[in-house]
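The shown structure was predicted, so the numbers you read here are calculated from the model rather than taken from an experiment. Each chain gets a letter, A, B and so on, in the order its sequence line appears, and its residues count up from 1.
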Amino acid sequence: MDQMKPGQQARVRCLRACGGMRRRLQDLGLTPGNEVNCRLLSPLGDPVAYEICGALIAIRRKDAKTVEVDGPLCTDS
Amino acid sequence: MVCDAGCLQRNLNLVLQIMEAVPRTLVCVNLLDEAAKKHLQVDLDLLQRRLEVPVLGMAARQGQGLEQLLPKLHQLLTAPVTDNAPAPFRICYPAAAEAAITRLQPVVTHYLAHASNARFVCARLLDGDSSFSRALTEQLGLSPAGAPELFALLARIKADISQTPGGLEAFQDSMAAAFAQQAAVLCQGVTRPGDQRVAGRDRRLDWWFTSKWTGFPIMLLLLLLLFWLTISGANVPSQLLAQGFGWLEVRLAAGLSQLGVSAWLTDLLIHGVYNVMTWVISVMLPPMAIFFPLFTLLEDYGYLPRVAFNLDRSFQKAKACGKQALTMCMGFGCNAAGVTGCRIIDSPRERLIAILTNNFVPCKGRFPTLIALITLFLIGSASGWQGSLLGASILVAVIVLGVGMTLLASRLLSGTLLQGVPSSFTLELPPYRRPQFGRVIGRSIIDRTLKVLGRAVVVAAPAGLLIWILANVRLGSTTLLQHMTTLLDPLGHALGMDGTILSGFILGFPANEIVMPIIVMAYLAQGHLTELNGPALAQLFGQNGWTWVTAVCTILFSLLHWPCATACLTVHKETQSWKWTLLSFALPTAFGLLACFIVASLAALLV
């Protein structure tokens, strides 16, 4: 997921995080099959904000790296 | 349970987790007003029928639905518990999980005959939630030693699951996913998608506030604007208040002497208690009455999470949490509140870092001191809007320095006493909302401004009394205060200040608001001056040997010194440790001593 660029959309394939972070990501809506939209890059490039289930969530790159996604499905301008 | 109508599905995930444990739940769908703006429709009746618990729609900011909240809760909690009371909401787990629950449930029921919800206990035990096992031991006395059969069976079931494809992790994932799936099913038809134009506007605003080129400049400009409005707006009311209090002082003194009050008591009440109290009010009140409503407007608008988003990378470098930026913003109001606010940080290590460094942002008790010193000594001959703009720029620089010191101290702590890897960080960036101007201004005036007044009376009045006693009780040929200032003079001079200023900081430990009045009182006890407005104050300081170096060092030390007594006590309350409280005291002080010493030495070399 950390490879996504703002405007790109993808679908969650699986999570590689474990323990508390895994559960946290799942509760945010990052479960296999769900759509993720990459929305914003912070000024220093990290963290990145993703739109998940209608909410905008900032996630650090090293955490986003643990989410595998299929895509990009489409890129809107 | 309170949910956001704007992202109901994600919130329902949590609602279901609660409802599985507690059958008597009231679901409040809040922020219906915001949803309506996005033309998002929520069918609350349908949701209530599906969840089988009362659902209440609210727009809390407008007060809609609030009147029904308490009656509904009362009704829910006082309803007689009968045998046909609603069963806890049944989450449909995948077949493998259901089978495991069925195996575990008889044993759990055996041990927890009085607990109504064996199914929930089974599910959480299988989930492998360590905090749940802890709570089970602490609350219900169920430990591996006390219930060997239960935990042996649990271990056997988990071992069996590990043999299946995917193992325990896939099993536990499927249990977590069950909530999300059920939430999605429940939401179908309940919410109808809204207007994309509002989302588009939010996205454009987000771009301006967080992009590479505009993110930081806009942040600094907003801070500058805030300070500029504060400084330029506070000037006139401050002077009017000071003049008013000065006028009243003469009348009061005359009145007291007419009543036959002895001269020394009049002196104590007027030059001790009254002077300090009115000084605090006239200097503190106007800037705070302007700054806080403006700051609350930004907060209400939803800008502060964007600040945390922008700054997170820096905190990550310091191995701390980006949410620390939010606790720093709370520290602007009051460091004690900032320290309590650190609870929003999940990782204990990062929370401790945020607590220990919160004092590096100046609180409302220190802002006016900073503003007064900058205006008196650092903006030179510039006056009018140019002067206040220059003053605001210097204040922004002071804040930026405070933020830099926070990062430096955080990095130092995570490299030494609080080592560890940065934990995960997720932060929701809520949609922008139009602030409610009337309510924000009213709330800030009551919550924050009147509190300044309250503290002025509670803290400044006794402090005025103490300082008057110190300045008037003699030990040998000199007063107690003179003894103190003479003792501290060498250290003060090494730090670019003097003994009186250091005494002010030390005696100001109960509250930062009284540091300046104490310094002024201490000087006054030696000379004599009744009016305390700007030029007279500058003259008084000048007579006592202040230069711009003194002002710079006092500003630095005001930014970087021990937290006030309230903040220290709050640190102890939050950390439950005197060791960390002591460190929260020593850390900023060490930074301040070092910074002042460097500035004073450089100035002595160069000037």
(Q) Under a 4.5 Å cutoff for heavy-atom pairs, which residue among B:D127, B:N310, B:T214, B:N13 has the most contacts with chain A? (A)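 Winner by heavy-atom pair count: B:N310.
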
Q | Residue among B:K212, B:R10, B:E428 with most heavy-atom pairs under 4.5 Å to chain A | A |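 Maximum pair count with chain A is reached by B:R10.
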
Q: Please identify each residue that fulfils side chain to side chain contact (heavy atoms under 4.5 Å, CB included) with B:P94, with sequence neighbours left out.
A: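 Testing B:P94 for side chain to side chain contact (heavy atoms under 4.5 Å, CB included), a comparison that skips the adjacent residues, returns B:A97, B:S174, B:A178.
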
Against chain A, label [X] side chain, backbone, both or neither, depending on which of its atoms sit under 4.5 Å from a heavy atom there.
| X | answer |
| --- | --- |
| B:S211 | backbone |
| B:W213 | neither |
| B:Q17 | side chain |
| B:D202 | neither |

Q) What pair of heavy atoms forms the shortest contact from A:L40 to B:T210, and how long is it? A)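 Shortest heavy-atom contact: CD2-OG1, 3.7 Å.
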
(Q) Give me the atom names and distance for the closest heavy-atom approach of B:C7 to A:A55. (A)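 It is SG-CB, 4.2 Å.
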
Could you have a look at [options] and say which one has the most heavy-atom pairs with chain B under 4.5 angstrom?
| options | result |
| --- | --- |
| A:L15, A:L25, A:V48 | A:V48 |
| A:R61, A:E51, A:K62 | A:K62 |
| A:T31, A:N34, A:L28 | A:L28 |

(Q) Please classify the contact between A:L41 and chain B as side chain, backbone, both or neither, with a heavy-atom cut-off of under 4.5 Å. (A)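 Interface part for A:L41: backbone (N, CA, C, O).
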
**Q.** A:R60 portion near chain B, given a 4.5 angstrom heavy-atom threshold
**A.**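 Contact with chain B involves both backbone and side-chain atoms of A:R60.
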
Q) Is B:R306 salt-bridged to B:D206, cutoff N-O under 4.0 Å? A)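 So B:R306 pairs with B:D206 through a salt bridge.
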
Q | Test: A:D46 and B:R313 ion pair at under 4.0 Å | A |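 Looking at A:D46 and B:R313, the cut-off is met.
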
Q. Passes salt bridge (Lys or Arg N to Asp or Glu O under 4.0 Å), A:D63 versus A:R24? Steps please.
A. CA-CA 11 Å; A:D63 297 321; A:R24 160 89 49 87; over 6 Å; no

Q | ring pair (Phe, Tyr, Trp, His ring centres under 6.0 Å) against B:F209, all qualifying residues, sequence neighbours excluded | A |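 B:F209 satisfies ring pair (Phe, Tyr, Trp, His ring centres under 6.0 Å) with B:Y303, B:Y432 once adjacent residues are dropped.
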
**Q.** Pair B:Q324, B:E350: side-chain N/O donor-acceptor within cut-off below 3.5 Å
**A.**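 No, B:E350 and B:Q324 have no side-chain donor paired with an acceptor closer than 3.5 Å.
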
